[in-house]
Amino acid sequence: MLFPELEIVEIAPGAVLLRGAAETVAEELLSQIQSVINASPLRTVMTPMGKPMSVQMTNCGAVGWVSDRTGYKYEQIDPLTNVRWPKIPAVFQTFATAVAARAGFEDFAPDACLINRYAAGSKMGLHQDRDEQDFMQPIVSVSLGLPILFNFGGVQRSDKTIKVELQHGDVVVFGGVSRLCFHGVGTLRRGEHPLTGGYRFNLTFRRAC
DNA sequence: GAGTCTCG
DNA sequence: CACG
């Protein structure tokens with residue numbers, strides 16, 4: 001998979017925005033997202049402090065990221081269906097590996113893909129992705145549908161954040177010295193996107209195990 | 001133990 | 001909206 005003429009924005013050392021990298025595969029990705037949702041439906045999860053998250057989520061892969069009263073963790077079995085999460089669709093796997101390589105991370109082989117659906121009012125506070133085994137492996141985040149403001153900070157929650165608008169088809173890859181940086185997104189504003197309607201979908205690819 | 005959270 |  002090649003990305004000619006790709007605009008690359010360096011957000012921080014080890015963190016890049018590949019502008020529009022997913023545009024040409026967006027419809028395929030969305031179609032596969034629907035297949036995953038058909039097998040493992042979107043659901044609202046509780047944070048360990050007892051508040052519901054504003055996004056709806058599901059997963060595909062050998063393990064899926066879940067949150068409940070007991071904490072954050074990766075699970076092999078979807079607690080909603082009590083069977084394994086759907087496999088990561090081939091187009092997801094190929095695309096994630098390709099964009100990671102384009103960002104300088106060769107041989108990225110994700111075993112988990114978190115699917116978050118944002119509706120108007122959904123947001124994601126500053127957090128670290130630190131439930132994975134190997135922090136040498138990067139995070140690949142794909143934005144589809146409505147735009148949202150991305151906040152990317154440092155390894156301390158109090159570090160100041162850089163803000164960048166993520167548009168349909170944008171891909172952020174972060175790893176290396178940025179792997180444990182705090183990040184999040186602002187509140188999704190209501191809108192209409194030709195492919196996703198009033199929603200934004202985010203795919204987060206990780207090597208969890 | 002803190003926390004993808006909320007609150008002041 | 002940023003901070004804590």
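Below, chains carry the letters A, B, ... as their sequence lines are ordered, and counting in each starts from 1. Worth saying up front: this structure is predicted, and the values here are computed from it rather than measured. No hydrogens, no waters, no symmetry mates; every other heavy atom, side chains included, goes into these values.
Rounded to whole Å, the distance from CE on M49(A) to P on dG1(B) is 16 Å. Between N151(A) atom CG and dC3(C) atom C1' the separation is 13 Å, expressed in whole Å. Atom-to-atom, NE2 of H127(A) to P of dG3(B) comes out at 13 Å; the value is rounded to the nearest Å. Between the CE atom of M46(A) and the P atom of dT6(B) there is a distance of 11 Å, given to the nearest Å.
Taking the P atoms as reference points, dC5(B) lies 23 Å from dG1(B), given to the whole Å.
G184(A) comes within contact range of no nucleotide atom at all, as no heavy-atom separation falls under 4.0 Å. Among the heavy atoms of the strands, none lies under 4.0 Å from G186(A). Residue K163(A) is in sugar-phosphate contact alone, with no base atom involved, counting any heavy-atom pair closer than 4.0 Å across all strands shown. Among the protein residues, K123(A) comes within range of the sugar-phosphate backbone only, with heavy atoms under 4.0 Å from sugar or phosphate atoms but none that close to a base.
Closest to the S158(A) side chain, of the nucleotides dC5(B), dG1(B), dG4(C), is dG4(C).
OP1 or OP2 of dG3(B) has at least one side-chain nitrogen or oxygen of R157(A) nearer than 4.0 Å.
For D78(A) and R43(A), the salt-bridge test passes: some basic side-chain N is under 4.0 Å from an acidic carboxylate O. In this structure, E165(A) does not pair ionically with R19(A), as no charged nitrogen and carboxylate oxygen lie closer than 4.0 Å. Between R207(A) and D111(A), at least one side-chain nitrogen of the basic residue sits less than 4.0 Å from a carboxylate oxygen of the acidic one, meeting the salt-bridge criterion.
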Just list the side-chain donor-acceptor pairs under 3.5 Å for residues 84-97 of chain A, sequence neighbours left out, or say none.
residue, atom, partner, partner atom, Å
W85(A), NE1, E75(A), O, 2.8
T94(A), OG1, A90(A), O, 2.9
T97(A), OG1, Q93(A), O, 3.0
T97(A), OG1, F108(A), O, 2.8

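A side chain to side chain donor-acceptor pair (under 3.5 Å) with H183(A) is found for one member of T161(A), N151(A), D129(A) and no other, namely D129(A).
Residues satisfying the salt bridge (Lys or Arg N to Asp or Glu O under 4.0 Å) test with R189(A), not counting sequence neighbours, are none.
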Fill in the dot-bracket string of DNA chain B, one character per base: . for unpaired, | for a pair to another strand, ( ) or [ ] for pairs within the strand, taking Watson-Crick or G-U pairs under 3.5 Å. ......||
